[in-house]
Amino acid sequence: MSIEPDIEGIRRQMAATIHRHWKLVLAQGIVMMVLGFLAVAEPNVATFAVSIFVGWLFFIGGIFRALSVWQSRALPGFAWSLLTALLAIVFGAFFILEGITAIVLAVQHRGHLRSWGWVLFSGIVDLLLALLIWDGWPSSADWAIGLLVGINMLFFGLSLVMTALTARLMGNQLR
């Protein structure tokens with residue numbers, strides 16, 4: 001006698017959980033995209049703001065992300081998402097951690113969520129941004145940090161928006 005999980009039941013349960021919280025994910029994605037666009041438009045101002053408020057940005061963003069992740073405890077990748085949120089509260093090595101975590105989450109969600117490719121793309125962009133910072137540091141520091149943070153926020157926001165829009169449509173699959 002083998003014990004096999006009810007894959008379709010798990011898939012329906014996950015779809016219901018994602019569908020239930022799609023508005024929160026969409027709101028977070030839109031906020032991230034707007035802030036990212038503003039940072040890309042004014043990288044010098046963004047660099048200054050980041051240098052002064054980076055601790056608060058990561059702290060508040062980490063708390064918001066931890067709260068939204070906590071509401072989705074039943075989803076695959078919960079532990080990785082929660083870890084990323086907690087690390088965002090504590091560290092500034094955000095791009096590398098965010099990139100690796102997004103890639104791991106995308107791979108875990110590929111069988112459950114149609115928008116997993118956007119999460120994967122966001123993770124790859126994060127790793128490329130980390131490489132750019134490492135390669136150009138500190139010669140371009142007066143504008144690069146603001147620009148790269150803006151790009152990160154823009155693509156992370158885009159991945160959240162695409163995930164939320166896909167999750168909104170998942171409600172039809174539950175009926």
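- When all heavy atoms are compared, the tightest approach of Val40 to Gly150 is CG2-C, 3.7 Å.
- Heavy atoms only, all atoms of each residue included: Ala46 and Gly146 are closest at CB-CA, 3.6 Å.
- Taking CG of Asn152 as the reference point, atom CG of Leu128 lies at 11.5 Å (rounded to 0.5 Å).
- For Phe37 against Leu154, the heavy-atom pair with the smallest separation is N-CD1, 3.9 Å.
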Would you tabulate the side-chain donor-acceptor contacts of residues 20-36 under 3.5 Å, counting partners in other chains and residues two or more places apart, or write 'none'?
unit_1: Arg20; atom_1: NH2; unit_2: Thr17; atom_2: OG1; d: 3.4
unit_1: His21; atom_1: NE2; unit_2: Gln71; atom_2: O; d: 3.3

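- Side-chain N or O atoms of Thr166 include one that pairs as donor or acceptor with a backbone N or O of Met162 at under 3.5 Å.
- Considering only residues two or more places apart in sequence or on other chains, Thr163 meets the side-chain hydrogen bond (donor to acceptor under 3.5 Å, both in side chains) condition with Ser115.
- Taking OG of Ser122 as the reference point, atom CZ of Phe155 lies at 8.5 Å (rounded to 0.5 Å).
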